[in-house]
Every structure is written in C-alpha cells, then in structure tokens.
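In what follows, a structure is listed as structure tokens, so that the remarks can point back to it.
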Amino acid sequence: ESQSFNEKRLKLAEANNSYKIVGLTASNLAVSWLQKGDFEKALGYAKKAADAFVKTNDQRAIAGITGEIGYIYDQMNDNAKALSFYNDALSKLKNLGAPKIAAAIAGRASIIYLQQNDTTSSGSMLRTASQNFELGSDKKGEANLLLRLGEVYLSKNNYAKATNNFEQAL
C-alpha cells in the first residue's frame, strides 16, 4: 500500500519537476524493492533518485544514493560495481560531515575486499570505517561491522581473527 502511494507521489513529483521529492521518493522505492529482492527495480529507482539529486545539487544526498547503489550491487554479488560505487560515495562524502554514512559504506567495502583476500584495501577501509564510527559516536555500528568481519574471518577458517573481532564487538 505504501509502495502504491510512493508510486503516485513519484509521478506527481516528476510532473511538477520537484526533484527533491522525486529523489526521496525514488530512494524509498529503491529500498522497498531491495527488501523484496527485486534488485533490478531497486537499481532503477536508485538511479532515478541519483539523477534527481544531481538536479538539486544536494551533495550529501548524491553521496548517500551513490552508496545505496553500491549496496544494491553488493547484494547482487557484483563486487566490482559495488566497490566502484562505494569508493565514489566515500570520495563524495570526504568533506560533507557525514561520518555515520561514511563509516557504513567503508565497512561494507572492507568486507568485500576481505572476501577477495585483499587485506591491504580491507584494512584501509576498516580504518576509514573505524575513524568515522568514532567521529559519529556510533558504537552500535562499529560493533555490527566487527561482527560481520568476524563472520568473514570465520568463513575463511581464521579462528584467531574471528574470535578477536567477536570479542571487540562486545
């Protein structure tokens, strides 16, 4: 029902060139379709949101939706595209004062790099995430990242690093 409302809202906003509302509504629809597992529709709406945010010149929204597109590709297991969008989003976020968003994106990127056995890039992203979690005072986000990293190490049978991450998360 809310999806139907958002579809109508999107059409009305597009008809009136209300780009901020187009961006926000399309972003909501992207999340909704992502949760339903329809990655193609999610990606379509996320790209529509990105186009709208570019028209508003809202740099924080552009960076956020760029990270969201990365996350959709991440869920599609397209690591190359996910990392490309994550890195682009982090570059856009550098001077915008959005540490929680940057931390979440860097954390996701660090996990992909670790899964690819690129420990140098993973470590760099993990440091970026950690610094941003501290700036944003986001202990819960940091704990979630450490748990996810622990799971990756566990899947690679690196029990010492898995245990270390699990203990740090506590």
Side-chain angles (χ1 to χ4, degrees), residues 1-113 115 121 124-148:
E1 193 171 304
S2 82
Q3 203 163 12
S4 173
F5 171 77
N6 277 326
E7 293 282 353
K8 290 176 187 172
R9 181 179 172 191
L10 180 62
K11 285 182 179 156
L12 184 61
E14 287 175 323
N16 290 298
N17 295 324
S18 300
Y19 299 118
K20 183 172 184 170
I21 295 170
V22 169
L24 293 170
T25 306
S27 179
N28 288 339
L29 285 164
V31 170
S32 177
W33 285 109
L34 179 63
Q35 290 171 340
K36 292 179 179 184
D38 191 329
F39 302 127
E40 294 304 320
K41 281 188 180 177
L43 198 55
Y45 281 113
K47 288 180 177 180
K48 183 179 289 252
D51 291 342
F53 288 138
V54 166
K55 290 176 181 169
T56 67
N57 200 29
D58 182 339
Q59 296 304 308
R60 185 178 242 179
I62 293 167
I65 197 68
T66 301
E68 189 174 317
I69 292 170
Y71 184 70
I72 295 168
Y73 280 120
D74 193 347
Q75 296 304 296
M76 295 170 74
N77 294 315
D78 188 334
N79 292 340
K81 284 185 180 173
L83 288 172
S84 175
F85 278 91
Y86 285 158
N87 285 315
D88 188 25
L90 288 169
S91 175
K92 289 174 178 9
L93 284 167
K94 262 194 177 136
N95 300 312
L96 294 179
K100 288 184 182 183
I101 297 169
I105 292 169
R108 290 184 198 123
S110 72
I111 290 169
I112 293 174
Y113 283 125
Q115 290 169 336
S121 296
S124 174
M125 283 294 172
L126 186 56
R127 282 188 295 283
T128 298
S130 180
Q131 290 164 355
N132 280 288
F133 279 128
E134 286 176 24
L135 286 172
S137 300
D138 188 0
K139 295 295 180 195
K140 183 178 177 184
E142 188 172 15
N144 283 333
L145 173 60
L146 289 167
L147 286 172
R148 290 178 63 205

Pair Q75-N77, side-chain donor/acceptor within less than 3.5 Å =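 N77 and Q75 do not have a side-chain donor-acceptor pair below 3.5 Å.
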
Please report the closest heavy-atom contact between [X] and [Y], naming both atoms and the distance.
X    : Y   : value
I112 : A82 : CD1-CB, 3.8 Å
I105 : A89 : CD1-CB, 3.8 Å
I101 : L93 : CG2-CD1, 3.7 Å
A42  : L34 : CB-N, 3.6 Å
A52  : G23 : CB-N, 3.6 Å
A30  : Y45 : N-CB, 3.7 Å

Using 4.0 Å as the upper bound for N to carboxylate O, is an ion pair formed by K92 and D88?
->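 Salt bridge present between D88 and K92.
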
Rounded to the nearest 0.5 Å, what separates atom [atom1] in [X] from atom [atom2] in [Y]?
X    : Y    : atom1 : atom2 : value
M125 : I111 : CE    : CD1   : 12.0 Å
F53  : T66  : CZ    : OG1   : 10.0 Å
K11  : T25  : NZ    : OG1   : 13.0 Å
L83  : S110 : CG    : OG    : 10.0 Å
K47  : I69  : NZ    : CD1   : 6.5 Å
T56  : I62  : OG1   : CD1   : 6.0 Å

Non-hydrogen side-chain atoms of [X] and [Y] separated by less than 4.5 Å:
X   : Y   : answer
R9  : L12 : no
E14 : K48 : yes
E68 : V31 : yes

Sub-3.5 Å donor-acceptor pair from the side chain of S27 to the main-chain atoms of L24, do we have one?
->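 Absent.
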
Test item: S91 side-chain N/O and N87 main-chain N/O as donor-acceptor pair under 3.5 Å =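 Side chain of S91 to backbone of N87: no pair is present.
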
So among F85, Y86, F39, which one has a ring-ring contact (aromatic ring centres under 6.0 Å, His included) with Y73?
->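 Answer after filtering F85, Y86, F39: F85.
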
Check the pair Q59, N57 against side chain to side chain contact (heavy atoms under 4.5 Å, CB included), reporting the backbone distance first and the verdict last.
-> CA-CA 6 Å; Q59 296 304 308; N57 200 29; 2.7 Å; yes

